[in-house]
Amino acid sequence: MSRPLLFAANWKMYIAPGEARAYLDRFLAIDKPRHGRTVAFFPPAVSLETTAARLRGHEHYLAGAQDVHWEPKGAFTGATSVALARGAGAAAALIGHSERRHLFGETDEETNRKMRAVLDGGLLALLCVGEKLAERERGETEAVVTRQLRAGLAGVKAGADLVIAYEPVWAIGTGRNATPSDAAVVHAAIRVVLVSLGFGRDTRLLYGGSVSAGNVEQLLAEPEIDGVLVGGASLDPDVWAGVCAAQG
Ligand code: 13P
């Protein structure tokens, strides 16, 4: 089945508000919006409001948070609730990015709490899953991804508005992307888990990890790859527009 494409830019800890404004002026001048493709931007929290404001009124673009806290409010220094992210204009949130899991020690249980908070708050949730290199070498890829999915989606209603992003940790920022057929094998396994949990075939599955203008078309040629989640190649508006021009 053909699902709408999603091109997601994860700016990580780059691009201040003034830079975001200049970036989006350039991107919106050169990108050609098209039916059946959404481009999502995940700026750092301080740049979220500027990014969302610049995209407001553009049907095919949205802004989202890179992470949220599950509590609605309280004394949680440095954290952003779903309501705060929404108030800044977020329509979506990344949850369980491998950098949150492995650099900040986020557990499967915390990822699940965040998923439920994002969905309860009416935002689109992008749940990130993926194995480390040692896990792949031990043949544990499917087991790790299945565990992350089952834990992340525990208590989430089938039919909820979510997207799964498969990002093998060894492919992130390394210039070494999974081959389209490697990614397709894992995407097929993810689909089996989603179906077993009651999710329909309309749930989109993204690939992330060293995506570039040079490999995006081949990745999107796989029927189970419905878009990409991109770090490095999303930091320059011209380069990112080149990635987003892929037809899929
Ligand atoms: P790179 O595209 O830089 O490999 O980063 C991928 C990623 O982590 C996107 O969330």
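In each ligand, atom 1 is the first atom listed, and ligand 1 is the first ligand listed.
The shortest contact between atom 7 (C) of ligand 1 and any protein heavy atom is with Glu167 OE2, 3.1 Å. Here the protein heavy atom with the shortest distance to atom 3 (O) of ligand 1 is Gly232 N, 2.8 Å.
Within the structure, the closest approach of Ala233 to ligand 1 does not fall below 4.0 Å when heavy atoms are considered. Using a 4.0 angstrom heavy-atom cutoff, Gly209 counts as in contact with ligand 1. Under a 4.0 Å heavy-atom criterion, Ala171 is in contact with ligand 1.
Residue Ile172 touches ligand 1 through backbone and side chain together, judged by heavy-atom distances below 4.0 Å.
In this structure, the side chains of Arg37 and Cys244 come closer than 4.5 Å at one or more pairs of heavy atoms. Counting heavy atoms from C-beta on, the side chains of Arg147 and Asp108 come closer than 4.5 Å.
Looking at Tyr166, its side chain never comes within 3.5 Å of a backbone N or O of Val145 through a donor-acceptor pair.
Where the criterion is an N or O separation shorter than 3.5 Å, residue side chain and backbone included, Thr174 fails it with respect to ligand 1. Where the criterion is an N or O separation shorter than 3.5 Å, residue side chain and backbone included, Val230 fails it with respect to ligand 1.
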Trp240/Tyr23 under ring pair (Phe, Tyr, Trp, His ring centres under 6.0 Å): CA gap, chis, key distance, verdict: CA-CA 10 Å; Trp240 179 231; Tyr23 176 118; 8.4 Å; no

